[in-house]
K.L.:
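Here it is, the structure in full.
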Amino acid sequence: MSRRPIRIAPSILSADFAALGAAITAAENGGADLIHVDVMDGHFVPNITIGPPVVKSIKRVARVPLDVHLMITDPDKYAEAFAAAGADMLSVHLEVLPHLHRTVAFIKSLGMKAGVVLNPSTPAAALEDIAGDVDFILVMSVNPGFGGQKFIPNSLHKVAAIRAMLDRAGNSAAAIEIDGGIDLTNIARAVEAGVEIVVAGSAIFNAPDASAATRALKNAAAAVAS
Ligand code: DX5
Ligand code: ZN
């Protein structure tokens, strides 16, 4: 079976925030395809990270597109600010959005790729009526809020179900991204399940050499995909 190339999206959540430029360059030198930026508001998740001004600074140094993951209760209110800051992909949690169809259309109208994120306890079936409209789906394989948590294996069943759902909806172009606890021990299983965008934070930025760690994950994913 011929597959689309697997994209690696290093999450800067585990990088040194005082040296983000160097961390991003290291990941890019290792073959990063995207930079994953985790935005947390202290309400939807029990942690606070960064907002549009930092994304704007990151945009100045990054050579690859920015994949911004909003873990906030009111993404509609901030989507324009993230678009202006340079986000290329913007993902929003299904759990906070009563009018998800409108939000997805709004994100696209701002010129960004629109992604919908599911927490580990949110069933794949909740996506059924939005599957035809998304640019990508992000499956959380940990409970969002922190880097360095343990991978939840049940997430992979969800990936396979969502892949089938996207294809049924005529949206084979939409990719599935996975986020949380990914490392060299489980990346192959994720790719086999149908993941095409792999987020990795601690496996890259807690490693002694972020470039080498990115490269190793990319090679491990490519070995499955080829
Ligand atoms: C968790 C974030 C993740 C996190 C992943 O809430 O959404 O992107 O940085 O980190 P690891 O790869 O360490 O689980
Ligand atoms: Zn994330």
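The first residue in the sequence is number 1, and the count goes up from there. Read the numbers this way: they start at 1 and go in the same order the structure lists the ligands and their atoms.
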K.L.:
With a 3.5 Å cut-off and no angle check, do the side chains of D38 and S11 form a donor-acceptor pair?
P.N.:
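Yes, a side-chain donor-acceptor pair sits under 3.5 Å.
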
K.L.:
Under the 3.5 angstrom rule, does the side chain of K158 hit a backbone N or O of P120 as a donor-acceptor pair?
P.N.:
yes

K.L.:
Flag H69 as yes when one of its N or O atoms lies below 3.5 Å from any N or O atom of ligand 1, and as no otherwise.
P.N.:
yes

K.L.:
Looking at P144, which atoms of ligand 1 are within less than 4.0 Å of one of its heavy atoms?
P.N.:
6 (O)

K.L.:
What atoms of ligand 1 come within less than 4.0 Å of a heavy atom belonging to A200?
P.N.:
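Those atoms are 12 (O).
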
K.L.:
Do G148 and ligand 1 have an N or O pair less than 3.5 Å apart?
P.N.:
yes

K.L.:
Any N/O of G145 closer than 3.5 Å to an N/O of ligand 1?
P.N.:
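Looking only at distances, the answer is yes, because the N/O contact criterion of under 3.5 Å is met.
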
K.L.:
May I ask you to check if ligand 1 and D179 share an N or O to N or O distance below 3.5 Å?
P.N.:
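Such a contact does occur with ligand 1.
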
K.L.:
H36 heavy atoms, cut-off 4.0 Å: which ligand 1 atoms fall inside?
P.N.:
8 (O)

K.L.:
Would a single hydrophobic cluster contain both F205 and I24, if residues Ile, Leu, Val, Met, Phe, Trp and Tyr are joined by side-chain heavy-atom contacts under 4.5 Å?
P.N.:
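Same cluster: I24 reaches F205 through Ile, Leu, Val, Met, Phe, Trp or Tyr contacts under 4.5 Å.
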
K.L.:
Has the side chain of N171 got a donor or acceptor atom that lies under 3.5 Å from a matching backbone atom of A131?
P.N.:
yes

K.L.:
Is the number of heavy atoms from other residues, nucleotides or ligands under 6.0 Å of Y78 OH greater than 12?
P.N.:
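No, OH of Y78 has 12 or fewer neighbouring heavy atoms, counting only those of other groups under 6.0 Å.
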
K.L.:
Would a distance-only check, ignoring hydrogens and angles, find a side-chain to backbone donor-acceptor pair under 3.5 Å from Q149 to G180?
P.N.:
no

K.L.:
Is it true that a side-chain atom of K108 and a backbone atom of D133 form a donor plus acceptor pair closer than 3.5 Å?
P.N.:
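Yes, K108 side chain to D133 backbone: donor-acceptor pair under 3.5 Å.
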
K.L.:
Take the Zn ion (ligand 2) as the centre and count protein N, O or S atoms at distances under 2.8 Å.
P.N.:
4

K.L.:
Using modelled atom types only, decide if a donor and an acceptor are shared between the side chain of D41 and the backbone of F44 within a distance under 3.5 Å.
P.N.:
yes

K.L.:
Do R7 and D67 sit within salt-bridge range, that is, some charged N less than 4.0 Å from a carboxylate O?
P.N.:
no

K.L.:
With a 3.5 Å distance limit and no angle check, can you tell me whether T103 reaches the backbone of H99 through a side-chain donor-acceptor pair?
P.N.:
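A pair under 3.5 Å: yes.
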
K.L.:
Hey, which atoms in ligand 1 end up nearer than 4.0 Å to a heavy atom of M40?
P.N.:
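Result: 6 (O).
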
K.L.:
Thinking salt bridges, do D88 and K59 make one under a 4.0 Å N-O criterion?
P.N.:
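So D88 pairs with K59 through a salt bridge.
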
K.L.:
Looking only at side chains, do T185 and D183 share a donor and an acceptor under 3.5 Å apart?
P.N.:
yes

K.L.:
Does the N or O separation between G201 and ligand 1 drop below 3.5 Å for any pair?
P.N.:
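N/O-N/O distance under 3.5 Å: yes.
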
K.L.:
Pull out every atom of ligand 1 sitting under 4.0 Å from any heavy atom of D38, numbered as shown with elements.
P.N.:
2 (C), 3 (C), 4 (C), 7 (O), 8 (O), 9 (O)

K.L.:
Give yes or no for whether the N/O distance cutoff of 3.5 Å, strictly under, is met between S11 and ligand 1.
P.N.:
yes

K.L.:
For the pair S211 (side chain) and N29 (backbone), establish whether a donor and an acceptor sit closer than 3.5 Å, ignoring hydrogens and angles.
P.N.:
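No, S211 side chain to N29 backbone: no donor-acceptor pair under 3.5 Å.
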
K.L.:
With only distance considered, is G181 within less than 3.5 Å of ligand 1 through an N or O on each side?
P.N.:
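Checking ligand 1 against G181, an N or O pair does fall under 3.5 Å apart.
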
K.L.:
Going by the order shown, which atoms of ligand 1 are within less than 4.0 Å of some heavy atom of G180?
P.N.:
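Near G180, the atoms of ligand 1 are 14 (O).
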
K.L.:
Does ligand 1 have an atom that lies less than 4.0 angstrom from a heavy atom of A203?
P.N.:
no

K.L.:
Are the side chain of S91 and the backbone N or O of V116 linked by a donor-acceptor pair below 3.5 Å?
P.N.:
no

K.L.:
At a non-hydrogen distance cut-off of under 4.0 Å, which region of S202 contacts ligand 1 (side chain, backbone, both, or neither)?
P.N.:
both

K.L.:
Spell out, as yes or no, whether a donor-acceptor pair under 3.5 Å connects the side chain of N119 to the backbone of T122.
P.N.:
no

K.L.:
Looking at atom 10 (O) of ligand 1, what's its closest protein heavy atom, distance included?
P.N.:
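Ranking protein heavy atoms by distance from atom 10 (O) of ligand 1, first comes G147 CA, 3.6 Å.
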
K.L.:
Enumerate the atoms of ligand 1 whose separation from the nearest heavy atom of M71 is less than 4.0 angstrom.
P.N.:
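Those of ligand 1 that fall under 4.0 Å from M71 are 6 (O), 7 (O).
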
K.L.:
At the 4.0 Å heavy-atom cut-off, does F146 count as touching ligand 1?
P.N.:
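Yes, that is the case, since the closest heavy atom of the residue is under 4.0 Å from the ligand.
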
